[in-house]
Each structure stands twice: as structure tokens, then as C-alpha cells.
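Notes for the one structure printed next.
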Amino acid sequence: MTKEFIRSIKGTQDILPDQSQRWQALETTIRNTMDTYGYGEIRTPAFERTELFASVGEGTDIVSKEMYSWTDQGGENLTLKPELTAPVVRSFIQNNLGGQSPMNKLYYIDALFRRERPQKGRYRQFHQFGIEAFGSEHPEMDAEVIALALAVFNDIGLEGLTLKLNSIGSSECRSNYRNTLRDFLKPHINDLSETSQNRFENNPLRILDTKAPHEIEILKNAPNISDSWTAEDKAHFEEVCFLLDTLGIQYSLASNLVRGLDYYTRTTFEITSTALGAQDAICGGGRYDGLVETLGGKPTPGIGFAAGMERILLALGDDDSSGNPTQVYIVGLGDGARPSVAKLAEDLRQNNIRTDFDPLRRSIKAQMREANKSGATIAVIIGDKELESGQAEIKDLKTGDQEPVKIKALVDHINSLTL
RNA sequence: GUGGGUGUAGCUCAGCUGGUUAGAGCACCUGGUUGUGGCCCAGGAGGCCGUGGGUUCAAGUCCCAUCACUCACCCCA
């Protein structure tokens, strides 16, 4: 590698043609499924005002230390979007979508930016697809959102998934629970890690998320958030569960499942894959009934999820689904044949036949090798002899059979073949 | 931000306790017919052994630093 070469940014990656096939397949599946479930695509800008994200997740790592933020030449504080719910909600409010229809179902496929230390399944520029459904506070909406996520994964062929489900209740439920949890943890506070001690004040629910064994041990006897649910929270969650049962969707209850962003209410869920490393969450989401209002819109319930595309492709593993191979390879010989080769290639391509030829002016042997490698079913050979006789040679690359065909009739002839 | 691992040809890697022209497989190129692929055979191109310093008669091999990649912590999709 040349010393002075300018490399890509850490944690970003180029998607080369062999990989882009897989991305396209995933994107197509997503779009088809979204269409079936009645979701329309929304595309928001790559960057937003920094305050938009700050107002949504002050206490989170994503917002507090992972954002790519800068001040532009006009003095505006801007940020490359690190998550998509806030921008979509912003757009929902700004375009008054709620005023046009009581129900809005949106999906996106987009690139996000977080300055984390890269590792397997975690990159600084990464991609998510996701949905946001605005308008319904009812459990059937929750169930649909979860079913939709699973439908996409099923269609793409992902296996080994686990759906974890929880309800973190309404805001009054959580403030009650915060207190009972603090009361419970107080005697153990000196046994907690430094970060957990910090969270004890700002966001004690996050302590539930810990991976430290001794903290998990302490938390075993912690009060469950379900004890703090209001009657409505409980009824909502039970109905969500009942609906999932009805839809034949399996899930496990995870009372310690707290999502990363601050704005969630009631239903939260996460889908993990056994095919990944430490970063095994493929999809995370939940309800955020207060967010639209927080960001300055009319009170509107909402629920959504986001799924990591890199992680999905990682979990799918390497299947060598090579794209569509060349169908016809034209072998040209000599200066005189060049215009005929170019014209034939163009005519065939205009007929939607995947055609290629050798622009390197190599020997016939090299060109035949190339034809073979390209996966073409037939090779067309045009040289001085053929120009003179007006007949090109068509070689079937499977059988090796070769026959002359009038150059003028080539396009029609090839069209009549099954390639 | 904190740890661990790894950096040798385009790719995957070998190179024993430091020793002379740095290897293999795959890929690539050329040839084996004067205008015909796959298989086979022969040949070829391609590496300042990540970078910088040090130890030594001698360093891809040892030491230090640095950078990059990677996995994990953390965090999360």
C-alpha cells in the first residue's frame, strides 16, 4: 500500500459489486413487504439541527458522545443523523401529516452515523431500515409493527431469531418505578459500578441493562417494572401479548429490556440473532406516545422499530448469490471487426440481452477464456473471415457446438434462442 | 474511551530456536495451432515482510514506538 494513500474513514465501508447484489436483494424484500403492509417511504435529510437529537436523548450515549456534529459557516449547529425516529417525527410535524390523515405509516431505508469504536456488526456509518406508525395507541398497532419486522426477516431467510418483549409503562408508571428501584438499590449502591452509580441518579432503569455479573446478581431480587404498571399499561400489554399469540408469533418476556433512547413508552421489543457476535440485536423498537408532543407537535401516539442492515447481512452469512451473468459474449478479431462488434453489442443490449465484449483487444484465446468466465451461454465470433462471408460464428459454450449465422440476422437469431 | 489479537504477493496463508536469491495454493498474464473457452501441462508477472527506530557480523524472525485492521468491553441496530 502506498504510504500517502488516503484511506476511507474508520468504521465506514465500500460496498463493491459482489456485495451490492445482496444489498439490493435485501432492499427489494424490504420494499415489497412494506408495500404489502401499507407503509409508504419517507426520506429525510442526512443532517439535521443538533438540538433535534439533543432534545430526544440527552441521557443516552448516542446523543451525548457519539454524534458527528459541527458548526457550519453560518454558525448553525448541525449533526449527521445518528438515529431516525427524531427526524421522521420532525418531518411528520413539519409537513402536518397528522392533519391530513389520522393514521400515517412510514418506512425508511437510510444511512446513519455514530462515532463508536467499530467491531463486528458495528460501524460508524451503517444502515437501518425501519418504520414509524403515527396515530394509533392501540395494541393491534403494536402487533402489526412486530409482525412486519418478522415478516421482512422471514422473507429474506433469516433464522435463529428471538423476539424479546417488555412494557416499560406510561410515564407515571416509570417515575413510580424509578423510585421503587432506587429504594431497592440504595443499600447496594456501594457495590455498583461507577457508571451504574451515575445512572442511579439520572436514569436508574438503565442499570437493569447491565452485563456485570455481580450487578445481575443484585438485580435478581429487584422489583419488576410490571409491578408499577398502571391498570391501562397492564391491559395494553396483555392485549399485545394476546394478539401476538393469535398471530402465532413467539416471544419471550424480558423485564430488563430497556431501550437506548429516552422516548419510549409501554411496549418495547428487540429481536436478536444467534448468528452474530456480541452485537446481536438485529432490530429494536417500541412505542413512543409522548414524542410527537415533546418535539412540538399535537399529541400523537406512535410506534416503530429500526433494524440494522449490516447485521442482517452478517447474520445471513455468505451465500454466493452471484448476480445475473452475461448471456452473450462477442469475440472480435482484427481492426475491421471492431465496428461490427460494437454495433452488435449495442443492438443486443437494446433487446435486453446481457452482452459483453473485450475492450482490451486481446487474442482470441484470451477472449474465449473471458467468454467462459463471464458465464455467457453463447459466444459470437466475428473476424475478417466472417465479415467477408457475411456470416458470424455462434458457439454454444455448453456443448461446444458452433454454427454460422448471417451477421444481418444475428439479433433476430439470438433473440429466438433461450439463453 | 479501555483491553486482547493480527499485520508477509490481488486473496488465503506458510516461513522451525535470527543466517545468504522470501515461499505455497487460488486469482492474473503468456504459450502448448495458423483464429476458439472449460481440464491438463509449461512458463511469467507480482512483496523495501504495515511504518519508523533499536539490538546484532546478520532481522520477515528479537526489542521499542507508531499506524492500520480486527474482536471484546462499553453502547446499541
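The basis for the numbers below is simple: all heavy atoms, side chains too, and nothing from hydrogens, waters or symmetry mates. Here is the naming used below: chain letters follow the sequence lines, and residue numbers restart at 1 for every chain.
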Could you check whether the side chain of A:Asn372 and the base of B:rG37 have a donor-acceptor pair of N or O atoms closer than 3.5 Å, going by distance alone?
yes
Name all pairs fulfilling the ring-ring contact (aromatic ring centres under 6.0 Å, His included) condition that reach into residues 181-200 of chain A, sequence neighbours left out, sorted by first residue then second.
A:Phe184-A:His188
Just jot down the ring pair (Phe, Tyr, Trp, His ring centres under 6.0 Å) partners of A:Phe357, sequence neighbours excluded, or say none.
none
A:Arg287: which residues meet the salt bridge (Lys or Arg N to Asp or Glu O under 4.0 Å) condition with it, sequence neighbours left out?
A:Asp142, A:Asp289
Taking atom P in both B:rG31 and B:rG37, compute the distance separating them and give it to the nearest angstrom.
11 Å
Report yes or no: does A:Asn351 contribute a side-chain atom to a donor-acceptor pair with the main-chain N or O of A:Ile353 at less than 3.5 Å?
no
Quick one: which protein N/O atoms are closer than 3.5 Å to N/O atoms of nucleotides 30-33 of chain B? Pair and distance per line, please.
from, atom 1, to, atom 2, distance (Å)
B:rG32, N7, A:Lys365, NZ, 3.0

Please classify the nucleic acid contact of A:Ala306 as base, sugar-phosphate, or nothing, using heavy-atom distances under 4.0 Å.
sugar-phosphate
For the P atoms, the ones on B:rU20 and on B:rC62, what distance do you get once it is rounded to whole angstrom?
16 Å
Atom CG of A:Leu333 and atom C1' of B:rU36: how far apart are they, to the nearest Å?
9 Å
How many Å lie between CD on A:Glu270 and C1' on B:rC75, as a whole number?
12 Å
Distances for protein N or O near nucleotides 70-74 of chain B N or O, under 3.5 Å:
from, atom 1, to, atom 2, distance (Å)
B:rC71, OP2, A:Lys120, N, 3.0
B:rA72, OP1, A:Ala278, N, 2.9
B:rA72, OP2, A:Gln119, NE2, 3.0
B:rC73, N4, A:Arg122, NH2, 3.1
B:rC74, N3, A:Arg122, NH1, 2.7
B:rC74, N3, A:Arg122, NH2, 3.4
B:rC74, N4, A:Gln119, OE1, 3.2
B:rC74, N4, A:Arg122, NH1, 2.9
B:rC74, N4, A:Gln279, NE2, 2.6

A:Phe129: which residues meet the ring pair (Phe, Tyr, Trp, His ring centres under 6.0 Å) condition with it, sequence neighbours left out?
A:Phe305
When the P atoms of B:rC41 and B:rA24 are considered, how many whole Å apart are they?
15 Å
Can you give me every donor-acceptor pair (side chain of residues 143-152 of chain A, partner residue at least two apart or in another chain, under 3.5 Å) with its distance?
from, atom 1, to, atom 2, distance (Å)
A:Glu144, OE1, A:Lys105, NZ, 3.4
A:Glu144, OE2, A:Tyr39, OH, 2.7
A:Glu144, OE2, A:Lys105, NZ, 2.9

Separation of atom CG in A:Asp18 from atom P in B:rC11, rounded to whole Å
14 Å
Base B:rG37 to side chain A:Gln402, donor-acceptor N/O within 3.5 Å cut-off
no
Write down the distance between CD1 (A:Ile156) and C1' (B:rA77), rounded to a whole number of angstrom.
16 Å
Pairs under 3.5 Å (Watson-Crick or G-U), crossing ones as [ ], inter-strand ones as |: RNA chain B comes out as (((((((..((((.....[...)))).(((((.......))))).....(((((..]....))))))))))))....
Are more than 12 heavy atoms from other residues, nucleotides or ligands located less than 6.0 Å from atom CZ of A:Arg49?
no
Please classify the nucleic acid contact of A:Phe305 as base, sugar-phosphate, or nothing, using heavy-atom distances under 4.0 Å.
nothing
Mind checking the C1' distance from B:rC16 to B:rU55? Whole angstroms is fine.
22 Å
Considering residues at least two apart in sequence or located in another chain, which fulfil the ring pair (Phe, Tyr, Trp, His ring centres under 6.0 Å) criterion with A:Phe92?
A:Phe134
Rounded to whole angstrom units, what separation is found between the CG atom of A:Asp110 and the P atom of B:rA77?
15 Å
Quick one: does any side-chain atom of A:Arg178 pair with a main-chain N or O of A:Pro204 as donor and acceptor, under 3.5 Å?
no
Separation of B:rC76 P from A:Asn256 CG (nearest whole Å)
13 Å
Quick check on RNA chain B: between A:Leu397 and A:Gly308, whose nearest nucleotide comes earlier from the 5' end?
A:Leu397
Given salt bridge (charged side-chain N to carboxylate O under 4.0 Å, His left out), test A:Glu388 with A:Lys385 step by step and report yes or no.
CA-CA 5 Å; A:Glu388 212 168 301; A:Lys385 274 199 296 197; over 6 Å; no
Any residue in residues 29-54 of chain A with a heavy atom nearer than 4.0 angstrom to RNA chain B? Just list them by number, or reply none.
none
Regarding A:Ile282, tell me which of base, sugar-phosphate or nothing describes its non-hydrogen contacts under 4.0 Å with the strands shown.
sugar-phosphate
Earlier contact from the 5' end, RNA chain B, for A:Ser8 and A:Ile382:
A:Ile382
Using the P atom on both, measure B:rA65 against B:rC28 and round to a whole Å.
43 Å
Taking only the C1' atom of each, what is the distance from B:rC13 to B:rU17 in whole angstrom?
22 Å
Within this structure, what is the CD1-to-P distance between A:Ile6 and B:rC67, rounded to whole angstrom?
19 Å
Distance between the P atoms of B:rG7 and B:rU61, in whole angstroms?
12 Å
Is the closest basic N to carboxylate O distance between A:Arg349 and A:Asp356 below 4.0 Å?
yes
Does anything in residues 27-44 of chain A form a salt bridge (Lys or Arg N to Asp or Glu O under 4.0 Å)? List the pairs, not counting sequence neighbours.
A:Arg31-A:Glu41, A:Glu41-A:Arg43
Taking atom types as modelled, find out whether A:Thr85 and A:Tyr263 have a side-chain donor-acceptor pair closer than 3.5 angstrom.
yes
Under a 4.0 Å threshold between the charged nitrogen and the carboxylate oxygen, would A:Glu346 count as salt-bridged to A:Lys343?
no
Across the strands shown, which category fits A:Gly400 at heavy-atom distances under 4.0 angstrom: base, sugar-phosphate, nothing?
base
Give me the atom names and distance for the closest heavy-atom approach of A:Ser196 to A:Glu215.
OG-OE1, 3.0 Å
List the residues meeting ring pair (Phe, Tyr, Trp, His ring centres under 6.0 Å) with A:Phe126, not counting sequence neighbours, and say none if there are none.
none
To the nearest angstrom, how far is A:Ile146 atom CD1 from B:rA77 atom P?
15 Å
C1' spacing across the pair B:rA68 / B:rG50, given as an integer number of angstrom:
7 Å
